[in-house]
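Bear in mind that the values here come from a model prediction, so they are computed numbers and not experimental data.
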Amino acid sequence: MIQAQHASTLPNTFLSASRQSAAPFLPMSRQEMQQLGWDACDIIIVTGDAYVDHPSFGMAIIGRLLESQGFKVGIIAQPDWHSADAFKVLGKPRLFFGIAAGNMDSMINRYTADRKIRSDDAYTPGNRAGKRPDRASIVYSQRCREAYKDVPLILGGIEASLRRIAHYDYWQDKVRRSILLDSRADLLLYGNAERAVVEVARRLDAGESIDTLRDIRGTAFVRKDTPENWMEIDSTRIDRPGKVDKIINPYVNTRDLPQCELENEDRSAGEAVEMDADDEVQILHIEPRMRLDRSKTVIRLPSFEKVSKDPVLYAHASRVLHLETNPGNARALVQLHGDQEVWLNPPPIPLTTAEMDSVFDLPYARVPHPAYGKEEIPAYKMIRFSVNIMRGCFGGCTFCSITEHEGRIIQNRSQQSILREIELIRDKVPGFTGVISDLGGPTANMYRIACKSPDIEAACRKPSCVFPGICHNLNTDHSALTQLYREARQLKGVKKILIASGLRYDLAVEDPEYVRELVTHHVGGYLKIAPEHTERGPLDKMMKPGIGSYDAFKKMFERFSREAGKDQYLIPYFIAAHPGTTDEDMLNLALWLKRNGFKADQVQAFYPSPMATATTMYHTGRNPLKRLSYKKTAEKVETVKGERQRRLHKAFLRWHDPENWPLLREALKAMGRADLIGAGDAQLIPAEGSEETASSKRQPQGRGSRGRMLTQHTGLPPRSHKAGKGPQAARGRGKAARKPAQR
């Protein structure tokens, strides 16, 4: 039986006191181990990132947490993977190797959305590329096994989390097996794994075998068969049921319906409640009216072999997985890979505020390991003066992997813990000038926002709390966050606190007092938000609000900026080539950009990250947010896969760039919109022959050139104004291009 693992019932949680004093850094060499008086490590963490002892880096959190429990923890950071030698530098660990690719999926870290290898790596000293292999979790596991074949291997981090079942791999353009099988690891921890990793360490330390750890939430492993006394729900195919009584959405558990708005929304959207007997519906097993014990129920997904060949079954498996992610009602999942069963226990219970505080209050050095000398690590430079105040996101954006990894229930730190961290930054972090670069998280303004009822939250199966509109059960009060901002500004030595995390503006407008506080005190001239598109087609596939929400926020933002006597500007981000986007959609977005005076410096093309719902759309051409069917009349999703069309969609975002004009002219003519070619204000691009004139008018703009915008957009007022006037650049906001959202 799966353990509940609530902090209130689980004895000896990681809140317990440390049995050993904390070292300045976890050791990376035998010499450092000797200085600590260690003959061997209990646990060795292997990571694809440089070792930065800061709570924004996964290896630091897990390492410090295990250290606080009395375990001797070593770090092998960015090892040379070409042989097993680098994996022996700390000797043989007594309990296990913990293996993670780093803070990002290694393929996303190494390759652009166009599958071209990156020339840099922000998580490496000197920003150097090439310090980690492709599919780092698999390679590191192989080398650890070569080094010490009898030591248990435990996978964790974002790469393992998003590849825990059969998944579409963008770089090979095929469905790959669970990473658990390819790595030959003994156990996989997914999601926020603090509670799970402590339990694993303690049970191994107590003498249990790794093969017996099968009852821990947030874990995946290979299992031979379904345990005795478990109920298995077969969801391996899309079938035709016989006579049925008023079919309810088959993906909604009927006993949850009184507490969930999902079915009501389906009805309001016009979906049929009664279906003919010959309709193909997404259901094979209809639960009996008896109440099943969820803790001993497993859902069987279509096998790896089936989903790798059948796009509809792949979309079906994706939909089932995403509907089994609420810790309050999720059931275990199992998927056959050949003759091996990959079993996923339900996701971890979110950390309490006390537990979150304990994680962030651990004795981090807050700087990179001294082995790197003076070499700069860009990712550390970006976050060294920022504070993570919460985890999770209930937005459910289909292109984002945050929800799949951290969950949609917000896990909050206390105000006291956050203020303590600001004071630590002030007192300990080199180079602090009084400016906190961010108080945020996956989303800047979801701090202490949650469902009004714990019972409803535990039963809900909606993928988003804010799409297609804000759920009436969601408490949108931002007062706790407003109070936090006010208290943080009063701390001695703090001159300015900026908000750099992405803002959910449709949520913010529900609390004008919060927007006033934000705009008046916490915007450094420019505030980034992400409408992502202007057209309903792609926005629905993203599960994002309409552009009207952006307009409403913009009016509020500009009004409060005027009242504060400040010149401040919104920086909207957009995605090109997202599933559900047509050429006409991109044309309309380009016209909107021109009307509003936005000229994008760099643009973000859709990047299909493993397990994301939008990736399922990209791979299958189906929409797992709605009823799936093999019928020809079933909804198909427009996908942008060809190199030329992807270039065209990016060119529409950069409509002002003369290098894109030939491609845009050709496309506009093919679309029957040659009327948009010309010099008029209502036209998008100039007529042929204008490139040379435009090129001669452009002047080189270096970093210090007047008018140079180090944000995503040009066309806005320049940053270099007289003292006290105009927008001032927010620290850490000069990165124009975004990598896919990961945590």
**Prompt:** Taking Asp438 for the side chain and Ala500 for the main chain, is one N or O donor matched with an acceptor at less than 3.5 Å?
**Reply:** yes

**Asked** side chain to side chain contact (heavy atoms under 4.5 Å, CB included) between Ser318 and His322: does it pass, once the steps are laid out?
**Response** CA-CA 6 Å; Ser318 173; His322 282 87; 3.5 Å; yes

**Request:** Would you confirm whether Ser358, through its side chain, and Glu355, through its main-chain N or O, come within 3.5 Å as a donor-acceptor pair?
**Result:** yes

**Request:** Quick one: pull up CG in Leu213 and CG in Leu189 and give me the separation to the nearest 0.5 Å.
**Result:** 10.0 Å

**Request:** Would you sort out whether Arg391 and Glu194 count as a salt bridge (charged side-chain N to carboxylate O under 4.0 Å, His left out), showing the intermediate values?
**Result:** CA-CA 13 Å; Arg391 285 182 184 166; Glu194 285 94 346; 2.5 Å; yes

**Prompt:** Which heavy atom in Met446 sits nearest to a heavy atom in Cys393, and how many Å separate them?
**Reply:** CE-SG, 3.7 Å

**Audit row: Phe432, Phe385, ring pair (Phe, Tyr, Trp, His ring centres under 6.0 Å) steps and yes/no** = CA-CA 7 Å; Phe432 182 66; Phe385 303 133; 5.5 Å; yes

**Message:** Under a 3.5 Å cutoff, is there a donor and acceptor pairing between the side chains of Gln172 and Arg176?
**Reply:** yes

**Request:** Write down the atom of Asn103, the atom of Gly58, and the distance for their closest heavy-atom approach.
**Result:** OD1-N, 3.2 Å

**Message:** Between Arg203 and Asp215 (salt bridge meaning N to carboxylate O under 4.0 Å), is one present in this structure?
**Reply:** yes

**Item:** Polar side-chain atom of Asn345 near backbone of Arg214 as donor-acceptor pair, under 3.5 Å
**Value:** yes

**Prompt:** Which pair of non-hydrogen atoms, one from Pro152 and one from Asp186, has the smallest distance, and what is that distance?
**Reply:** CA-OD2, 3.3 Å

**Prompt:** Below 4.0 angstrom, N of the basic side chain to O of the carboxylate: do Asp182 and Arg163 qualify?
**Reply:** no

**Message:** Check this for me: Asp427, atom CG, are more than 12 non-hydrogen atoms of other residues, nucleotides or ligands nearer than 6.0 Å?
**Reply:** yes

**Item:** Heavy-atom pair of closest approach, residues Pro125 and Ile377
**Value:** CA-CG1, 3.8 Å

**Message:** Could you walk me through whether Asp42 and Lys72 satisfy the salt bridge (charged side-chain N to carboxylate O under 4.0 Å, His left out) test, starting with their C-alpha distance in whole Å, then the side-chain angles of each, then the deciding distance to 0.1 Å, before giving a yes or no?
**Reply:** CA-CA 5 Å; Asp42 297 320; Lys72 299 173 181 177; 5.9 Å; no

**Prompt:** Should Asn412 and Thr353 be marked as a side chain to side chain donor-acceptor pair (under 3.5 Å) after you check the CA-CA gap, both sets of side-chain angles, and the distance that decides it?
**Reply:** CA-CA 5 Å; Asn412 306 283; Thr353 294; 5.2 Å; no

**4.5 Å side-chain heavy-atom contact, Met33 and Cys41** = yes

**Request:** Indicate yes or no: at least one non-hydrogen side-chain atom of Val367 is less than 4.5 angstrom from one of Tyr380.
**Result:** yes

**Prompt:** In terms of the angle between their ring planes, are Tyr140 and Phe87 parallel, tilted or perpendicular, with boundaries placed at 30° and 60°?
**Reply:** tilted

**Request:** Using a strict cut-off of less than 4.0 Å between a Lys/Arg side-chain nitrogen and an Asp/Glu carboxylate oxygen, indicate whether Glu341 and Arg223 qualify as a salt bridge.
**Result:** no

**Request:** Could you go through the side chain to side chain contact (heavy atoms under 4.5 Å, CB included) check for Ile44 and Ile76 one step at a time?
**Result:** CA-CA 7 Å; Ile44 295 176; Ile76 299 178; 3.7 Å; yes

**Asked** Under 3.5 Å, is there a donor-acceptor pair between the side chain of Lys496 and the main chain of Ser437?
**Response** no

**Request:** Answer yes or no: does atom CZ of Arg128 have more than 12 heavy-atom neighbours from other residues, nucleotides or ligands under 6.0 Å?
**Result:** yes

**Short side-chain donor-acceptor distance under 3.5 Å, Ser29 and Glu32** = yes

**Request:** Would you confirm whether His167, through its side chain, and Ile165, through its main-chain N or O, come within 3.5 Å as a donor-acceptor pair?
**Result:** yes

**Request:** Determine, stepwise, if the pair Leu333 / Trp343 fulfils side chain to side chain contact (heavy atoms under 4.5 Å, CB included).
**Result:** CA-CA 6 Å; Leu333 303 173; Trp343 183 289; over 6 Å; no

**Prompt:** Is there a donor-acceptor contact under 3.5 Å from the side chain of Ser501 to the main chain of Gly441?
**Reply:** yes

**Request:** Decide salt bridge (charged side-chain N to carboxylate O under 4.0 Å, His left out) for Arg135 and Asp169; before the verdict, give the C-alpha distance in whole Å, the side-chain angles of both, and the deciding distance to 0.1 Å.
**Result:** CA-CA 11 Å; Arg135 312 185 196 287; Asp169 185 84; 2.8 Å; yes

**Prompt:** Do Asp49 and Gln78 get their side chains close enough for a donor-acceptor pair, meaning under 3.5 Å?
**Reply:** no

**Spacing of CG belonging to Asp105 relative to CH2 belonging to Trp171, to within rounding of 0.5 Å** = 5.0 Å

**Prompt:** Does a donor on one side chain and an acceptor on the other come within less than 3.5 Å for Asn109 and Arg118?
**Reply:** no

**Item:** Side chain to side chain, Leu153 and Arg145, heavy atoms closer than 4.5 Å
**Value:** yes

**Asked** Distance-only, no hydrogens or angles: does the His337 side chain make a donor-acceptor pair with backbone N or O of Gln335 under 3.5 Å?
**Response** yes

**Prompt:** So, Ser183 side chain and Ile138 main chain: donor-acceptor pair closer than 3.5 Å or not?
**Reply:** no

**Request:** Could you tell me whether the side chains of Asn127 and Asp121 share a donor-acceptor contact shorter than 3.5 Å?
**Result:** no

**Asked** At their closest point, which heavy atom of Pro79 faces which heavy atom of Thr47, and how far apart are they?
**Response** CD-O, 3.8 Å

**Message:** Restricting to non-hydrogen atoms, name the atom on Tyr607 and the atom on Ala113 that form the minimum distance, rounded to 0.1 Å.
**Reply:** CE1-N, 3.6 Å

**From CA spacing to verdict: salt bridge (charged side-chain N to carboxylate O under 4.0 Å, His left out), Arg64, Asp53** = CA-CA 9 Å; Arg64 288 298 188 186; Asp53 197 46; 2.7 Å; yes

**Prompt:** Is it true that a side-chain atom of Arg366 and a backbone atom of Pro55 form a donor plus acceptor pair closer than 3.5 Å?
**Reply:** no

**Prompt:** Would Ser417 and Arg413 count as a side chain to side chain donor-acceptor pair (under 3.5 Å) if you check the C-alpha gap in whole Å, the side-chain angles of each, and the deciding distance to 0.1 Å?
**Reply:** CA-CA 6 Å; Ser417 174; Arg413 296 173 62 186; 3.0 Å; yes

**Request:** Determine the interplanar angle of the Phe25 and Tyr51 rings, folded into 0 to 90°, and report it as parallel if under 30°, tilted if 30 to 60°, perpendicular if over 60°.
**Result:** perpendicular

**Prompt:** For the residue pair Tyr148 and Phe97, does the interplanar ring angle fall in the parallel (under 30°), tilted (30 to 60°) or perpendicular (over 60°) class?
**Reply:** parallel

**Message:** Is there a side chain to side chain contact (heavy atoms under 4.5 Å, CB included) between Met104 and Tyr123? Walk through the geometry before answering.
**Reply:** CA-CA 9 Å; Met104 295 178 63; Tyr123 291 91; 3.7 Å; yes

**Asked** Does Ser178 reach the main-chain N or O of Arg164 with its side chain, forming a donor-acceptor pair under 3.5 Å?
**Response** yes

**Item:** Contact check, side chains of Tyr111 and Asp134, non-hydrogen atoms, under 4.5 Å
**Value:** yes

